[in-house]
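Note sheet for the following structure.
Chain A is the first sequence line, chain B the second, and so forth, proteins listed ahead of strands; every chain is numbered from 1.
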Amino acid sequence: MSKQYNPKDFESKWQEKWFSNMRYKAQDLLKDKEKFYQLVEFPYPSGPGMHIGHTRNYSMADAVVRLRRMKGQNVLFPIGWDAFGLPTENYALKVKRPPQEITKENIDNFRKQLKSLGLTFDWDREVNTTDPDYYKWTQWIFLKLYEHGLAYMADMPINWCPKCKTGCANEEVIDGKHERCGTPVEQKKLKQWVLKITEYADRLIDDLDKVEYLDSVKALQRNWIGRKTWYDIDYQIEGTDETVRVSTTRPDTQFGATFVVVAPEHEILKRLMDKMPEENREEVREYIEQAKKRSEIERLDETREKTGAFTGLYAINSITSSRMPIYATDFVLTTVGTGMVVGVPAHDRRDFEFAQKFDLPVIRVIESKNGDRFDITSVDEVYEDEGEVYNSDFMNGLSTQGARVKVGEYIEEEGIGEVVTRYHLQDWIFSRQRYWGEPIPIVHCEKCGVVPLPEEELPLELPVVTEYEPSDDGRSPLANIDEWVNTTCPKCGGPAERETNTMPNWAGSSWYFLRYCDPDNDKELASKELTDYWMRVDHYEGGSEHITLHLLYSRFWHKFLYDIGVVSDPEPYQKRTIHGNVLGEDGRKMSKSLGNVINPDKLINEYGADVTRAYLMFMGPYEGDVLWNTRTIQGVDKFVKRWFAFIQQAWVSAGESEKDTEVAVNKLVDRIERGILDWKFNTAVAAFMGFYNNYNDRKFSKDQIERLITISTPIMPHLSEELWAITGHKNSVMENEWPEIDESMLVEDILEIPVQINGRVRGRVEIEKGATEKKVKEKVLEDDKISAFIKGKNIKRFIYIEDKIVNIVL
RNA sequence: GGUCGAGUGGUGGAACUGGCAGACACGCGGGACUCAAAAUCCCGUGCUAGCAAUAGCAUGAGGGUUCAACUCCCUCCUCGACCACCA
């Protein structure tokens, strides 16, 4: 009598077996197997626990590594906890408990959830960014960065979130709002730690050629770094001996330049103030004041009408000798170029809008690709493309590209400017004014200034306290803990204060994949022998929200570690792909407020881990977003039950099988293998269903059934293990080798191929595999249906693609 | 505005390097079992015409290459994601 499918009876039993001995786990330095490092983004262990998205992504990765192990690879599949950061801290403040405790509880819960899915992570390599044994090395990397001049302090305006009461990086500000809480950020001047990521800008772009990320991921990295060639040109200010240095990326349009615009915060305005005519001075001063008050969001609003103030001054274009009024305006940003820009209204939309507002001339100098040279009279006519230059003296007739080169040479020869490579990427503001982060291992001494902590004093542990409310004045909560702050200077022994800012969330996640290689090492962050063995990460699976920042930061740190000899490879990841998200039944992002959240624990409880896994893989392709659908999981549940019954029934009635059954089994093995290795799990699940539909009433040999159980393992591991035991096997199904495919079995000996006439299928004939064209033609012409079509007409061509198709052209 | 990607039945989606479009599932229709329902099982299901065999039309729109195009090329439309007063 065969067993009913009841996952509660056996899923936890098998999990205990797997995780108690972890016989599947990675073997350090193993030589006779090929290594494979499958990395998944480590989760932030938040209170509510695992999201259904985690369930899906990790299940998919687990299927892949289970298959790879059975194919003989030495797989590293680790997991850890990215546990520092605001959500936990804010929650801890609310309930008045230390975040250390809460983090521990969250991690325990998360771990339990992941195990209940049967995920075969290397549980003894767990890494936790908030563990002092871990962040000791995060701090160590910081000290090294400092030692190499890549970490510096600067008094700079930073983005300040008044709700979270912390500064944040440019990268964390979206649309003028803090990405974590959506509060509009303010500008605040604070002494900050900054990392010189810009020094690595070129390598971060150029080394993308060494990896195989998705094209979209590479594009995003390039875009964010934003390398551009700029032309900085000096203009004399009329009637003074002052010059201004303006910048442009389009010097080919110089003869169309009719004004100069300066960012209102630009210090040159202060310098030029007394050169301005009386009547303009007041207006400019007022404009600067107004601009200061405007919020970032308001300022970045493109639809707002252009504003500005005339300085009363004129610049003399050193290339064209024309006279150009200088304006202060807030659509120019200090961080772009030199903060002073040439206005070319005919060839830049913003410049055109500005020119209209202030009634400035519009001069066209680039011909459009279709030869147009009409005057630009509306915004829609503004021509920003490339083309041929005219109206431009020595540049006439050149292409825009050629003209740029010419101007570049000209300004450098004449000494009136220079060609500069600039980046959109800015240095990385690295301090946060919050409690729950890695303390920055620095001491401020009145006598010695900034003094790095000696390595032996690491880790510098975060004091465990219950009072750590952030303050409004921009000081970190650590500043209030006197016994921690007050210390002695490691250099002179005199009184000193500790740095009270902490590191951002990105710090711990910038190198965690290295720690997985050697998680218990207390001598170094990871031994080079082990990182040489395991790195580079072969495949990094993750979400789209981390492909700019986390990827950029971790590549930067890795390159730095490469430079100082800690690792032997300048790039950390070979492949980076992006998963889709699981959306609610209504097509919207799952959220508590919308009430469309699906709880993974409930699913596992109701359907079991295997059905949950198979369903999440079946819903749709890996890269795409998928909508939750309760009906579909019931369909998958039905299938899993049938499969469980089918294998048992086939086993008790096992015997001699037919040839085409063996062909079908081979085809199935092939489809499952390809589906999983290509991350097309939906097709793999479909292959199982299709096989069941067509072959469940056949007779199978025991050997065939064993193969069917084995290939069920990656997607339905518990079920496979249970069936393996039911069929009398003593070992774990995970120890089986993945079945070899007999290539000759993938194609039947007798094939039925379609016959097309003029590209339309009109019939089909049976042929022997590998038959000659002559034989096939005979066979086709014998066919009644086909010959009826051909009757009375000429065969112009007879096309036969071996074992595939025939097309007759009449 | 930029970059990347996507448009296939009522729905989610298949289709390997151009070779039978719609696998698999959901939904829907019909049937079996049942007093009935649920569960389960069987059959059908792209659109149009036809009792049917069958024929015609179909992968966002239009053109092209080819014996053959969801797939390659050109033009356009729509949607999505990310970035953006970056000069």
Sugar-phosphate, base or nothing in reach of A:Val336, heavy atoms under 4.0 Å | base

Counting only heavy atoms not in A:Lys589, do more than 12 sit closer than 6.0 Å to its NZ atom?
-> no

4.5 Å side-chain heavy-atom contact, A:Tyr800 and A:Glu802 | yes

Which part of the nucleic acid, if any, lies within reach of A:Ile801 when heavy atoms closer than 4.0 Å are counted: base, sugar-phosphate only, or nothing?
-> base

Is any NZ, NE, NH1 or NH2 atom of the basic residue among A:Lys357 and A:Glu305 found under 4.0 Å from an Asp or Glu carboxylate oxygen of the other?
-> yes

Residue-phosphate contact under 4.0 Å: A:Lys638 side-chain N/O, B:C26 OP1/OP2 = yes

Heavy atoms under 4.0 Å, any strand shown: does A:Lys228 hit a base, just sugar-phosphate, or nothing?
-> sugar-phosphate

Using a cut-off of strictly less than 4.0 Å, decide whether A:Arg631 has a side-chain nitrogen or oxygen near OP1 or OP2 of B:G27.
-> yes

Give a yes/no answer on whether the side chain of A:Asn223 brings an N or O atom under 4.0 Å of OP1 or OP2 in B:A84.
-> no

NZ/A:Lys228 to CZ/A:Arg422 distance, rounded to the nearest 0.5 angstrom?
-> 12.0 Å

Return no unless some side-chain N or O of A:Arg760 is found under 4.0 Å from OP1 or OP2 of B:U54.
-> no

Any side-chain N or O of A:Arg671 less than 4.0 Å from the OP1 or OP2 oxygen of B:A23?
-> no

Would you mind classifying the nucleic acid contact of A:Arg349 as base, sugar-phosphate or nothing, using non-hydrogen atoms under 4.0 angstrom?
-> nothing

Give one of base, sugar-phosphate or nothing for A:Glu623, where a contact means two heavy atoms less than 4.0 Å apart.
-> nothing

On a whole-Å scale, what distance lies between the C1' atoms belonging to B:C57 and B:A21?
-> 14 Å

Tell me what A:Gly635 touches on the nucleic acid: a base, only sugar-phosphate, or nothing, going by heavy atoms under 4.0 Å.
-> sugar-phosphate

